[in-house]
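Nothing here was measured: the structure is a model prediction, and the numbers come from that model. Atoms within a ligand are numbered from 1 in the order they appear, just like the ligands themselves.
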Amino acid sequence: MLKNDLLLRAARGEETERTPVWLMRQAGRILPQYRELRGRLSGFKELVETPELAAEVTIQPVDALDVDAAIIFSDILVVPEAMGLPYEMVEARGPLFPDTVKSAQDVDRLRVADPEEHLGYVLEAIRVTKTALNGRVPLIGFAGAPWTILAYMVEGHGSKTFSKARRLLYANPELAHELLRKITATTIAYLQAQVAAGANLIQVFDSWAGILPPDHYREFSTRYIREICQAIPDVPVTVFAKGAYFATADFAQLPCRTIGLDWNEDPRTVRPLVGDKTLQGNLDPCALYGSPAQVREATMEMLRRFGPQRHIANLGHGVYPDTNPDNVRVFIDTVKEFSTTLRA
Ligand code: CP3
């Protein structure tokens, strides 16, 4: 039994007495406790692959920030690794795939991963976290959307343009679909296993949605996200596709409960287009660089724009590592107080 189920009620579209709040990337470098633990380890992967440590870091923001949800400490790139394409996390630079997908043979060599066998450490981290949380708040599980995962597998690292990945969509669309089908099958089994292990809500991250033209987005991304949503009927699903403002009408038709908005979108424009879906977001992460009074004002304005119900307060993307945790507290406390006032 959950002691605080605000997030789940908001996601299901039920009335809540205040707006729930959490932050994308809340577990991580904004917290000194995280940096301290991380500094004693060989690297990011040791943290991700050791269930007790991943659970500890998952719970840190619940203790330190009093957020209404925990998100399992992992990464979207564990999926390509489970399929046979290992990643490295290079200090201060980000992810790197020593091998990338270039040919049909490369796609053939990839497997549809078995969650218990190849991603058992994440499932175990979820089980350990659930026990330690003891119902304090819901636990969010997640995966990358197939398009974003393909982008890393083909490109090999972060990129402004992901032009190698985008080139594949033009040069060999059949091969792209072949790869997307394998990623989708892996992701569905993985997310179902996360739910079985105890995840209360699933979020799908399509971080590189915004670089595709609308037709490509429909052909190479939305349809696979739809398959994923259909395969997760038992818990609410949130789709966060960064930069995909052009896809709002399509998202309204997805069998998901919540749509995440980045900070470029205005909820007052989106709300009438998505029926009774819940919206999540969308304070500009850079707004947290302002003074506490400015953070408070910006947060109140965000809450007014979303309205009191069917909103999960969050940033428009992950919190930046050099953000002052005191301002994160101001954001969270303002959501809790002001969203209560909004209902009065
Ligand atoms: O608190 C949480 O949100 C849970 C953990 C989480 C991480 N990555 C941990 C992480 C989640 C949900 C992710 C998702 C993720 N990973 C996405 C989708 C969301 C988004 O930001 O668009 C993407 C694109 C990745 C890939 C990735 N992982 C990149 C590009 C980087 C390097 C950039 C960076 O922030 O350092 C990572 C590394 C990473 N993933 C860190 C953390 C806490 C930092 C690693 C460290 O501690 O050194």
Side-chain angles (χ1 to χ4, degrees), residues 21-50 53-65 67-81 87-97 122 125-126 129 137 139-153 155-160 162 165 187 190-191 194 199 201-211 238-244 260-263 280-282 285 314-323 325 328:
V21 56
W22 68 283
L23 282 82
M24 292 186 273
R25 289 291 177 94
Q26 64 188 18
R29 288 165 297 186
I30 50 161
L31 294 179
Q33 308 81 309
Y34 172 87
R35 294 197 301 271
E36 196 272 317
L37 174 58
R38 171 82 167 68
R40 288 190 271 127
L41 304 173
S42 60
F44 176 74
K45 288 185 88 169
E46 185 180 352
L47 193 45
V48 164
E49 290 165 12
T50 312
L53 298 178
E56 182 179 339
V57 167
T58 299
I59 296 169
Q60 282 175 352
V62 181
D63 292 332
L65 302 170
V67 281
D68 295 308
I71 178 162
I72 190 67
F73 190 81
S74 184
D75 201 89
I76 62 169
L77 302 177
V78 301
V79 162
E81 182 160 276
Y87 73 96
E88 294 167 8
M89 202 56 87
V90 184
E91 205 57 52
R93 299 209 50 187
L96 176 75
F97 286 88
V122 183
I126 290 175
T129 303
V137 290
L139 178 63
I140 302 170
F142 70 91
W147 153 246
T148 286
I149 297 301
L150 174 148
Y152 282 105
M153 293 174 89
E155 200 79 25
H157 45 75
S159 160
K160 280 205 178 98
F162 279 90
T187 303
Y190 176 46
L191 290 176
Q194 290 189 35
L201 181 149
I202 291 295
Q203 177 154 329
V204 178
F205 287 93
D206 207 355
S207 305
W208 297 107
I211 62 177
T238 298
V239 175
F240 173 61
K242 188 167 180 301
L261 303 187
D262 66 38
W263 68 89
Q280 175 172 276
N282 75 342
N314 206 311
L315 304 182
H317 199 195
V319 60
Y320 296 136
D322 61 348
T323 304
V328 176

Check: Tyr34 N/O within less than 3.5 Å of ligand 1 N/O:
yes

Can you tell me if Phe240 contacts ligand 1 (heavy atom of the residue under 4.0 Å from the ligand)?
no

Write out the residue and atom name of the closest protein heavy atom to atom 35 (O) of ligand 1, then the distance separating them to 0.1 Å.
Arg25 NH1, 2.6 Å

Below a 4.0 angstrom heavy-atom separation, can you tell me which part of Pro321, side chain or backbone, both or neither, approaches ligand 1?
neither

Between Thr148 (side chain only) and Trp208 (backbone N and O only), is there a donor and an acceptor less than 3.5 Å apart?
yes

Ligand-residue contact atoms, ligand 1 with Ile71, heavy atoms, under 4.0 Å
1 (O), 2 (C), 3 (O), 4 (C), 12 (C)

What's the shortest distance from atom 23 (C) of ligand 1 to any protein heavy atom, and which residue and atom give it?
Ile76 CD1, 3.5 Å

For atom 18 (C) of ligand 1, find the nearest protein heavy atom and state the residue, atom name and distance (0.1 Å precision).
Ser207 OG, 3.1 Å

Tell me which pairs pass salt bridge (Lys or Arg N to Asp or Glu O under 4.0 Å) where either residue lies in residues 23-37, with sequence neighbours left out.
Glu36-Arg40

Please list the nearest protein heavy atom to atom 42 (C) of ligand 1 with its residue and the distance rounded to 0.1 Å.
Phe44 CE1, 3.5 Å

By side-chain hydrogen bond (donor to acceptor under 3.5 Å, both in side chains), Asn314 pairs with (sequence neighbours left out) none

Does any N/O atom on Thr148 come nearer than 3.5 Å to any N/O atom on ligand 1?
no

Numbered in order shown, the ligand 1 atoms found under 4.0 Å of a heavy atom of Ala27 are 1 (O), 43 (C)

Decide whether an N or O pair under 3.5 Å exists between Trp208 and ligand 1.
no

Under 4.0 Å from any heavy atom of Met89, which atoms of ligand 1 are there?
28 (N), 37 (C), 38 (C)

